[in-house]
Amino acid sequence: MTKLPRLYICALVVLNIVGCNYDRPEGPEVIDVTTAVQQENIRLKKYWMADYWSSNPRAYGIRTYEWLDSGESFTSMMVGVETVPYETGAMTGVKMVFGDGTFVFRTERKRLWWLKEDEHYLSADCDLTAYPADKIFGQVYDGMIHDMSAPAWEVKDDFSECRPCPGVDGDSWVNLVHVRDVIVHGKKYINAVVFWDLEPGEPFKEINFFDGYEHEMGLTLPTADETNGWAIDDIVIFGFKKGILAVGNIDLETGNLSDLAVLVSIAHHHRPPDGFEHTQSGD
């Protein structure tokens, strides 16, 4: 199966969509913050990334994505909770399965934490002293270069390994943010947040998005000026209160979209395991 892009680069995942109509578009009902931009004399709308997530297991259900090029599919669901034993205070998050991987996340007071991917905790050091503050998702806005490249560590849950994050595998933790009305699998989403994963060490290439499929989705492809002349190798689209709507892989050498997975269905019969307690706040 085509690789899944990583959101903060040391981990990625989540999603949603339903139906094949354009009724009842979904988007933020209230803009959280509006600030003046002095140099451009305009006003930017800011959005909390935690509002583009879902931490309710029953509402999330069992979600199915499909890769448009290959036709392969994968599912995602919430399966329980897990506590990460940071020395400064343990943090409990929701454990989610996404395709072949798992991860643990937490939302609280409009903030979003990625605590763990598969067997590795995200930490400020190799001793699991604390969660790295620079890796907390807060607000984003259209045109923003979202830079979370400050050093952190991935610590294996049995403490047998500690590796840098970002590492040496080409992931940067730097994204260009677009806020757009998008159409995914026949449904319109208002003010969706689009993350274009940047690679500062590679030169910009114009993107070929399945020969114009971006127009069908309502996407605007990034320009070299918007990316600081850097290459793009992934795309992730988030819907308000829905999580990930689509993920795609972009070839660094050619700029071609190699595949795109879109959320195609949600089954709401999923029942979380006994003992599952919804520990998140602000959802």
Side-chain angles (χ1 to χ4, degrees), residues 1-20 26 49 52-82 93-105 107 112 114-120 122 154 169-171 175 182-187 189 192-197 209-210 213-214 216-217 219 232-251 256-273 276:
M1 184 178 74
T2 308
K3 80 178 182 73
L4 294 177
R6 297 183 175 191
L7 174 57
Y8 66 43
I9 289 82
C10 294
L12 178 278
V13 282
V14 197
L15 38 237
N16 187 307
I17 186 174
V18 186
C20 295
E26 301 191 24
M49 280 306 299
Y52 285 77
W53 211 255
S54 174
S55 52
N56 183 319
R58 294 186 183 276
Y60 192 82
I62 300 175
R63 303 188 177 196
T64 299
Y65 291 93
E66 183 176 296
W67 293 101
L68 297 183
D69 189 44
S70 65
E72 297 181 33
S73 63
F74 59 93
T75 59
S76 176
M77 69 190 77
M78 299 179 190
V79 295
V81 297
E82 183 171 341
V94 174
K95 186 174 183 178
M96 177 176 287
V97 172
F98 191 86
D100 295 332
T102 62
F103 71 100
V104 179
F105 70 91
T107 59
L112 171 63
W114 296 96
L115 301 179
K116 184 181 182 183
E117 180 192 10
D118 294 329
E119 299 177 338
H120 287 85
L122 190 62
E154 287 186 312
D169 57 358
D171 289 329
N175 293 272
V182 302
I183 298 171
V184 180
H185 198 63
K187 184 172 182 178
Y189 296 85
V193 171
V194 184
F195 270 34
W196 299 94
D197 181 28
F209 209 83
F210 282 171
Y213 188 68
E214 72 273 12
E216 184 173 333
M217 295 187 70
L219 291 174
I232 300 170
D233 67 352
D234 292 325
I235 177 177
V236 187
I237 304 176
F238 300 88
F240 182 71
K241 294 296 185 184
K242 296 298 183 181
I244 295 174
L245 304 177
V247 293
N249 304 309
I250 299 169
D251 190 282
N256 292 333
L257 180 71
S258 57
D259 210 345
L260 183 73
V262 298
L263 182 62
V264 296
S265 67
I266 303 175
H268 289 289
H269 61 268
H270 173 57
R271 299 181 65 85
F276 187 105

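Sequence positions, counted from 1, serve as the residue numbers for this chain. These numbers come from a predicted model, not from an experiment. The basis for the numbers below is simple: all heavy atoms, side chains too, and nothing from hydrogens, waters or symmetry mates.
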Would you compute the distance between atom [atom1] of [X] and atom [atom2] of [Y] and round it to the nearest 0.5 angstrom?
| X | Y | atom1 | atom2 | result |
| --- | --- | --- | --- | --- |
| Thr107 | Trp53 | OG1 | CH2 | 10.0 Å |
| Ser265 | Glu66 | OG | CD | 9.5 Å |
| Asn175 | Ile235 | CG | CD1 | 10.5 Å |
| Glu117 | Leu122 | CD | CG | 10.0 Å |

- Item | side chain to side chain contact (heavy atoms under 4.5 Å, CB included) against Glu216, all qualifying residues, sequence neighbours excluded |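 Glu216 satisfies side chain to side chain contact (heavy atoms under 4.5 Å, CB included) with Tyr213 only.
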
- Query: What residues form a side chain to side chain contact (heavy atoms under 4.5 Å, CB included) with Glu82, not counting sequence neighbours?
  - Reply: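 Glu82: side chain to side chain contact (heavy atoms under 4.5 Å, CB included) contacts with Lys95, Val104, Lys116, Tyr121.
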
Less than 4.5 Å apart, any side-chain heavy atom of [X] and any of [Y]?
| X | Y | value |
| --- | --- | --- |
| Phe210 | Met217 | no |
| Ile237 | Leu219 | yes |
| Asp197 | Val236 | no |
| Tyr52 | Leu112 | no |

Heavy-atom pair with the smallest gap, counting every atom of [X] and [Y]:
| X | Y | result |
| --- | --- | --- |
| Leu260 | Ala246 | CD1-CB, 4.4 Å |
| Thr64 | Ser73 | CG2-CB, 4.2 Å |
| Met96 | Phe105 | CE-CE2, 3.7 Å |
| Ile250 | Ile232 | CG2-O, 3.4 Å |
| Ser54 | Met78 | O-CE, 2.9 Å |

- Message: Under the ring pair (Phe, Tyr, Trp, His ring centres under 6.0 Å) test against Phe98, which residue among Phe103, Trp114, Phe74 passes?
- Response: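 Among Phe103, Trp114, Phe74, the one meeting ring pair (Phe, Tyr, Trp, His ring centres under 6.0 Å) with Phe98 is Phe74.
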
- Asp118 side-chain N/O to Thr102 backbone N/O, donor-acceptor pair under 3.5 Å: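 Yes, the answer is positive, given that a donor and an acceptor are paired below the 3.5 Å cut-off.
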
- Message: Please check this pair: side chain of Ser258 against backbone of Asn249, looking for a donor-acceptor N/O pair closer than 3.5 Å.
- Response: yes

